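These notes concern the structure reproduced below.
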Amino acid sequence: MTLFAQTRLAVAAALKALYPDAEIKDTMISVNLTKPEFTGDYTVVLFPFVKLLRMKPDALGVQLGDYLVANTDLFSSYAIVSGFLNMAVKDSVWGSFLLNNFSNAHYGEQVKKDNRVMVEYSSPNTNKPLHFGHMRNIFLGAAVSQILKATGNEVVKANLINDRGIHICKSMIAWEKLGNNATPESAGMKGDHLVGHYYVKFNDLYKAQVAELIAAGKDEKAAEKEAPIMLEAQEMLRKWEAGDPAVYLLWQTMNGWVYEGFDVSYKKMGITFDKTYHESETYLLGKALVQSGLEKGVLFKKEDGSVWIDLKDEGLDEKLLLRGDGTSVYITQDLGTAKLKYDDFKLDQSIYVIADEQNYHMQVLKLILKKMGEPCGDGIHHLSYGMVELPSGRMKSREGTVVDADDMVEEMITLSREQAEQNGKTAGFTEEELGKLYDTVGLGALKFYLLRVDPKKKMIFDPKESIDLHGFTATFIQYAHTRICSILRKENVPLMPSVSHFQAFELTEEIAPLEKAMILHLEQYPTVLAAAADEYNPSELCIYAFQLSQTFNSFYDVHSISKAENEEKKQLRLMIVVMAASVLRHSMNLLGITLPEKM
RNA sequence: GGUCCGGUAGCUCAGCUGGAUAGAGCACCAGCCUUCUAAGCUGGGGGUCAUUGGUUCGAAUCCAAUCCGGAUCACCA
């Protein structure tokens with residue numbers, strides 16, 4: 001148990017012992033970290049009990065403080081400042097905290113529980129390459145997966161590829177018309193970029209045809225419907241659904257190019273999946289569910305044969321589940337896929353990382369499953385995140401205003417190289433080491449940038465202002481880590497020393513404020529990690545790791561390790577920095593960010 | 001119009017289960033490298049926490065109303 005939690009329990013026990021007749025609820029006990037400007041480590045807010053106990057805050061504080069010091073082994077003293085009881089934890093407690101945890105590579109993790117959860121993320125369409133918006137989705141999903149694993153869950157990372165539909169046919173038509181049988185090899189392009197290129201071409205052609213029709217006297221709506229290239233795309237989709245061999249072959253070929261391109265991008269970004277679903281294989285699955293819903297009387301049929309669900313009593317409207325011609329719609333597929341996932345893995349929870357524009361869709365999906373009595377609906381959680389926008393508004397792949405994912409990665413790597421060269425940081429590295437380092441720094445900065453903001457907030461990204469490598473960034477944390485590694489190299493202490501490494505350590509001197517600040521931060525890590533998991537929010541780890549690095553930099557500035565005042569101080573500080581480096585690595589690894597030993 | 005999300009320093013964001021004088025980073029200004037990596041540290045200026053009212057010992061945080069921005073309410077996916 002964390003010291004923080006122990007303090008809460010101790011306060012609860014103390015109150016019960018002191019005032020056995022008072023009904024003190026757990027929620028009334030508010031324990032916080034003591035603000036740096038006051039002496040003490042943990043603060044108990046006294047106001048909530050004042051009314052109940054009919055006591056002045058200060059009088060209550062004295063009784064509670066005295067009791068805690070006398071009856072627990074945790075606290076050495078206390079101070080009361082205007083209604084706040086500031087408890088000082090004994091130095092010896094901090095000493096054993098360090099000794100017990102400094103060499104624990106799994107510090108902060110939770111024991112395995114019987115809970116299987118799927119996280120679906122990335123989920124790209126195969127008509128265009130990944131862009132900056134996808135990266136937020138991908139990094140979020142990957143990070144949340146890792147965080148859930150670290151907090152004891154069994155995690156299945158899933159990717160649902162949208163490989164069919166009119167958008168794919170658009171790329172195919174344009175390639176047929178304009179491609180001259182170009183392949184990724186002949187065009188010298190990544191496959192996903194090649195296919196994306198023809199998707200843009202399609203829209204160029206389409207717009208031109210619409211303009212032509214309008215010039216010929218058609219109104220806009222009719223023109224958009226009748227543009228020949230659009231009719232061709234729709235015809236191609238019908239052929240695909242009918243299993244036309246030529247269309248099917250082209251579809252397979254072009255999707256194959258896209259997958260090769262995606263694989264390169266995923267690999268560069270360090271992203272993997274345990275399971276890949278393809279919509280072409282799942283899009284018909286929902287129909288059986290709809291049929292059983294009809295039999296159960298949850299759904300109803302209209303005269304034209306279309307199937308609906310009535311969600312009016314939930315404050316929503318009627319929702320179509322199957323077209324009159326019996327073909328499925330978007331939500332039908334999702335119903336089927338939800339059940340498939342559940343049956344495949346016996347899931348307790350199923351997390352969908354999907355942009356917030358689909359909040360309504362996900363709400364409806366859950367409601368329908370619930371009404372149909374499908375157990376797979378219970379564990380569904382929509383991890384909704386805000387879109388990444390440009391200063392000029394949303395990115396539109398049709399209009400080619402997207403910031404491409406591969407380009408962005410390359411740009412960040414270039415930026416990290418420029419920064420390193422500017423700072424004269426390249427000495428003592430081989431070319432190969434430098435290349436690896438720039439990847440680490442560039443990608444780290446990118447991931448951190450996208451993860452440091454609360455997922456539900458939308459982000460505005462200005463590509464003209466490149467991502468900074470100073471301040472609240474991965475680079476800052478990476479740098480703090482390399483400084484620690486440098487100390488450890490000098491002192492011949494391994495990155496992960498054995499439990500017995502500091503067994504001779506004995507605490508006799510008072511712990512200095514910045515040493516204490518480090519220890520207090522380290523003690524918070526399990527609490528922060530648990531909160532990040534509860535809220536599916538990796539940004540909490542970003543903030544935590546940044547603050548720990550900040551505190552370390554101040555500590556580093558004031559307290560020398562190799563020139564510590566004495567051997568005891570040296571050992572204490574070594575334990576602190578060993579553990580700090582370990583916690584930094586642990587938290588950043590969960591976000592997919594690597595911390596180098598030299599930079 | 002209904003529903004949901006957001007509005008905190010010039011900019012990007014923390015803080016939101018009510019708690020001490022509202023915090024970071026960037027940008028700006030002034031200092032700090034013969035000492036473990038200056039991609040760093042120290043200090044400074046910069047705020048009507050959108051507005052109004054309410055609840056409370058105490059409100060950026062909770063409630064209500066209003067204003068502004070966004071998303072969504074398809075037989076598209």
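Note that this is a predicted model, so its numbers are computed, not measured.
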Review point. A/Tyr352 and A/Tyr121: ring pair (Phe, Tyr, Trp, His ring centres under 6.0 Å), yes or no, with the steps?
Key: CA-CA 7 Å; A/Tyr352 291 66; A/Tyr121 57 99; over 10 Å; no

Exercise for review: Assign A/Ser30 to base, sugar-phosphate, or nothing according to its heavy-atom contacts below 4.0 angstrom with the strands shown.
Suggested key: nothing

Practice item. Starting at atom CZ of A/Arg483, determine the distance to atom C1' of B/rA39, rounded to an integer number of angstrom. Key: 9 Å

Check your understanding: Is the aromatic ring of A/Phe84 within stacking range of B/rA20, meaning centres under 5.5 angstrom and planes under 30 degrees?
Key -> yes

Review point. Does the distance from a Lys or Arg side-chain N to an Asp or Glu carboxylate O, for A/Arg164 and A/Glu241, drop under 4.0 Å?
Key: yes

Check your understanding: Contact class for A/Gln363 (heavy atom, under 4.0 Å): base, sugar-phosphate, or nothing?
Key -> nothing

**Study point:** Separation of atom CG in A/Leu514 from atom P in B/rC36, rounded to whole Å
**Key:** 19 Å

Check your understanding: Side-chain donor or acceptor of A/Asn86 under 3.5 Å from a matching atom on the base of B/rA20?
Key -> yes

Exercise for review: Would you indicate what A/Ile543 reaches in the nucleic acid, counting non-hydrogen atoms under 4.0 angstrom: base, sugar-phosphate, or nothing?
Suggested key: sugar-phosphate

Review point. Ring stacking, A/Phe47 with base of B/rG19, under 5.5 Å and under 30°?
Key: yes

Exercise for review: Return no unless some side-chain N or O of A/Lys51 is found under 4.0 Å from OP1 or OP2 of B/rU56.
Suggested key: no

Review point. With a non-hydrogen cut-off below 4.0 angstrom, is A/Phe476 in contact with a base, only sugar-phosphate, or nothing?
Key: sugar-phosphate

Practice item. Using a 4.0 Å heavy-atom cut-off across all strands, classify A/Gln333 as base, sugar-phosphate, or nothing. Key: sugar-phosphate

Practice item. Evaluate the salt bridge (Lys or Arg N to Asp or Glu O under 4.0 Å) criterion for residues A/Glu232 and A/Lys170: first the C-alpha distance (whole Å), next the side-chain angles of each, then the deciding distance (0.1 Å), finally the verdict. Key: CA-CA 9 Å; A/Glu232 285 177 79; A/Lys170 289 178 181 176; over 6 Å; no

Revision key, fill the gap. Only one of A/Asn32, A/Thr7, A/Asn86 passes side chain to side chain donor-acceptor pair (under 3.5 Å) with A/Thr43, and that residue is A/Asn86

Exercise for review: Could you check how far CD of A/Glu314 sits from P of B/rG2, rounded to whole Å?
Suggested key: 20 Å

**Study point:** Donor-acceptor under 3.5 Å (A/His134 side chain, A/Pro124 main chain)
**Key:** no

Exercise for review: Side chain of A/Arg323 only, please: which of B/rC75, B/rA39, B/rC41 is the nearest?
Suggested key: B/rC75

Point to revise | Candidates B/rC36, B/rC41, B/rG70 - which lies nearest the side chain of A/Lys490 | key: B/rC36

Review point. Now, which nucleotide makes the Watson-Crick or G-U wobble pair with B/rU3, with each of the two distances under 3.5 Å?
Key: B/rA71

Practice item. Select one nucleotide: of B/rG40, B/rU72, B/rA20, the one nearest the side-chain heavy atoms of A/Phe38. Key: B/rA20

Check your understanding: Are a donor atom and an acceptor atom from the side chains of A/Asn255 and A/Asp163 found within less than 3.5 Å of each other?
Key -> no

**Study point:** Whole-angstrom distance between B/rG45 and B/rC4, as gauged at atom C1'
**Key:** 40 Å

Check your understanding: Contact class for A/Ser560 vs. all strands (heavy atom < 4.0 Å): base, sugar-phosphate, or nothing?
Key -> base

Check your understanding: Out of B/rA77, B/rC41, B/rC5, which has the shortest distance to the side chain of A/Asn553?
Key -> B/rC41

Check your understanding: In Watson-Crick or G-U wobble terms, both distances under 3.5 Å, what is the partner of B/rU17?
Key -> none

Exercise for review: State whether A/Lys35 places a side-chain N or O below 4.0 Å from either non-bridging phosphate oxygen (OP1 or OP2) of B/rA20.
Suggested key: yes

Review point. Looking across every strand, which nucleic acid part, if any, lies under 4.0 Å from A/Val45 by heavy atom: base, sugar-phosphate, or nothing?
Key: base

Review point. Using a cut-off of 4.0 Å on non-hydrogen atoms, how would the nucleic acid contact of A/Tyr360 be classed: base, sugar-phosphate, or nothing?
Key: sugar-phosphate

Check your understanding: Atom NE2 of A/His470 to atom P of B/rC11: distance rounded to whole Å?
Key -> 22 Å

**Study point:** Phosphate OP1/OP2 of B/rA39: any A/Tyr479 side-chain N/O under 4.0 Å
**Key:** yes

**Study point:** Any A/Lys457 side-chain nitrogen or oxygen under 4.0 Å from OP1 or OP2 of B/rG7
**Key:** yes

Check your understanding: Which is true for A/Ala420 with a 4.0 Å heavy-atom rule: it touches a base, it touches only sugar-phosphate, or it touches nothing?
Key -> base

Review point. Where the side chain of A/Leu469 is defined as all heavy atoms beyond and including C-beta, which of B/rA20, B/rC57, B/rA39 is the nearest nucleotide?
Key: B/rA39

Check your understanding: Whole Å only: how far is the CD atom of A/Gln550 from the P atom of B/rC13?
Key -> 18 Å

Check your understanding: Side chain of A/Pro48: nearest nucleotide among B/rG19, B/rC36, B/rA14?
Key -> B/rG19

Point to revise | Inter-nucleotide C1' distance (B/rG47, B/rA60), Å rounded | key: 11 Å

Review point. On a plain distance test, is the side chain of A/Asn359 in donor-acceptor contact with the base of B/rC5 below 3.5 Å?
Key: no

Check your understanding: For the ring pair A/His381 and A/Tyr536, is the centre-to-centre distance below 6.0 Å?
Key -> yes

Exercise for review: Would you indicate which nucleotide in B/rC75, B/rC26, B/rU42 comes nearest to any side-chain atom of A/Ser554?
Suggested key: B/rU42

Review point. When the P atoms of B/rA14 and B/rA24 are considered, how many whole Å apart are they?
Key: 16 Å

Exercise for review: Scan A/His382 against the nucleic acid and name what it touches under 4.0 Å (heavy atoms): base, sugar-phosphate only, or nothing.
Suggested key: nothing

Point to revise | Nucleotide nearest A/Asp468 when distance is taken to its side chain, options B/rA77, B/rC5, B/rC26 | key: B/rC26

Point to revise | Among B/rC75, B/rA14, B/rU72, the one nearest A/Trp308 by side-chain distance | key: B/rC75

Practice item. State whether the distance check finds a donor on one side and an acceptor on the other, under 3.5 Å, for side chain A/Thr473 versus base B/rA39. Key: no

Check your understanding: A/Gln547 has an atom CD; how far is it from atom P of B/rG15, in whole Å?
Key -> 10 Å

Exercise for review: May I ask you to say what A/Met599 touches in the nucleic acid, namely base, sugar-phosphate or nothing, with a heavy-atom cut-off under 4.0 Å?
Suggested key: base

**Study point:** Between B/rC13 (C1') and A/Arg452 (CZ): distance, integer Å
**Key:** 7 Å

Check your understanding: Which one is paired to B/rA64, where only Watson-Crick or G-U wobble pairs with both distances under 3.5 angstrom count?
Key -> B/rU52

Practice item. Remember a base hit wins even if backbone is also touched, and classify A/Asp454 as base, sugar-phosphate or nothing at under 4.0 Å, heavy atoms. Key: sugar-phosphate

Revision key, fill the gap. Closest to the side chain of A/Tyr556, out of B/rA39, B/rA38, B/rG7, is B/rA38

Check your understanding: If we take the C1' atom in both B/rA39 and B/rU17, what is their distance in whole Å?
Key -> 38 Å

